[in-house]
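Shown next, in structure tokens, is the structure this report addresses.
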Amino acid sequence: MVQQFEFQPNLMDFLFFNEGIGDAYHSTGPTNFPLLDYTHQLVGEVASCYPISDSENDLFIKIWSFIQGYGILIRHKAVPYDEKLLRKAATELIGVN
């Protein structure tokens, strides 16, 4: 998903930053934003598989923020996409080695 900020920047801007997405972020159940729902599902699976100290919601915020922030940097060509960095950051965010 992060790599798409490099290859499809306009699509990623639309998916992450369009004006209509705000309500989906405040939903406590399924939304009309499948990417957000899928990310919540993945975070739930990670939380159930690994002994994490964060709440599921806090872990989601960390991961979602990283995706958006790193994606913005890639989209604006401030940094290149780096799979090794992405994997390292993901394991650090989850708190597993």
Side-chain angles (χ1 to χ4, degrees):
M1 179 178 2
V2 173
Q3 194 173 25
Q4 294 309 306
F5 279 95
E6 181 177 10
F7 298 115
Q8 298 188 56
N10 293 331
L11 174 63
M12 298 311 281
D13 282 349
F14 175 76
L15 287 174
F16 281 89
F17 307 110
N18 77 68
E19 301 230 355
I21 201 64
D23 291 339
Y25 287 125
H26 301 290
S27 176
T28 57
T31 68
N32 288 327
F33 187 17
L35 180 60
L36 182 63
D37 293 341
Y38 181 64
T39 305
H40 271 291
Q41 177 187 341
L42 287 176
V43 169
E45 290 173 12
V46 166
S48 68
C49 291
Y50 297 98
I52 59 171
S53 59
D54 291 319
S55 70
E56 192 173 314
N57 188 59
D58 287 352
L59 181 60
F60 171 80
I61 292 169
K62 287 179 177 182
I63 292 171
W64 197 250
S65 298
F66 177 77
I67 290 168
Q68 288 186 345
Y70 189 39
I72 289 170
L73 292 172
I74 293 167
R75 194 235 188 281
H76 292 284
K77 299 181 181 9
V79 299
Y81 172 76
D82 182 336
E83 187 174 344
K84 283 184 179 179
L85 172 67
L86 181 61
R87 288 180 184 278
K88 185 175 188 290
T91 56
E92 289 175 359
L93 284 170
I94 295 167
V96 297
N97 291 326

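What you see is a predicted model, and the numbers here were worked out from it, not measured in a lab.
Among residue pairs with one or both ends in residues 31-42, none qualify as salt bridge (charged side-chain N to carboxylate O under 4.0 Å, His left out); sequence neighbours excluded.
Every side-chain hydrogen bond (donor to acceptor under 3.5 Å, both in side chains) that Gln41 has, sequence neighbours left out, goes to Glu45. Take Asp54 and apply the salt bridge (charged side-chain N to carboxylate O under 4.0 Å, His left out) test, not counting sequence neighbours, and it matches Lys62. With sequence neighbours excluded, no residue satisfies side-chain hydrogen bond (donor to acceptor under 3.5 Å, both in side chains) with Asn57. Residues passing the side chain to side chain contact (heavy atoms under 4.5 Å, CB included) test with Leu86, sequence neighbours excluded: Val2, Phe66, Tyr70, Tyr81. Residues that satisfy the side-chain hydrogen bond (donor to acceptor under 3.5 Å, both in side chains) test with Asp82, not counting sequence neighbours, are absent from this structure. Remark: Ile72 pairs with Phe17, His76 by the side chain to side chain contact (heavy atoms under 4.5 Å, CB included) rule, at least two apart or across chains. With sequence neighbours excluded, no residue satisfies side-chain hydrogen bond (donor to acceptor under 3.5 Å, both in side chains) with Glu56.
Across Ile94 and Ile52, no two heavy atoms sit closer than the pair O-CG2, 3.1 Å. Contact between Leu59 and Leu93 at its shortest, heavy atoms only, is CD1-O, 3.5 Å.
Between Ile63 atom CD1 and Leu42 atom CG the span is 8.5 Å, to the nearest 0.5 Å. In this structure, Ser53 OG and Asp58 CG are separated by 9.5 Å, a value rounded to the nearest 0.5 Å.
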All N/O donor-acceptor pairs, side-chain side in residues 5-12, below 3.5 Å, sequence neighbours left out:
unit_1 : atom_1 : unit_2 : atom_2 : d
Gln8   : NE2    : Gln4   : OE1    : 2.8
Asn10  : OD1    : Arg75  : NH2    : 3.1

- Item | Stepwise side-chain contact (heavy atoms from CB on, under 4.5 Å) check, Val43 with Trp64 | CA-CA 10 Å; Val43 169; Trp64 197 250; over 6 Å; no
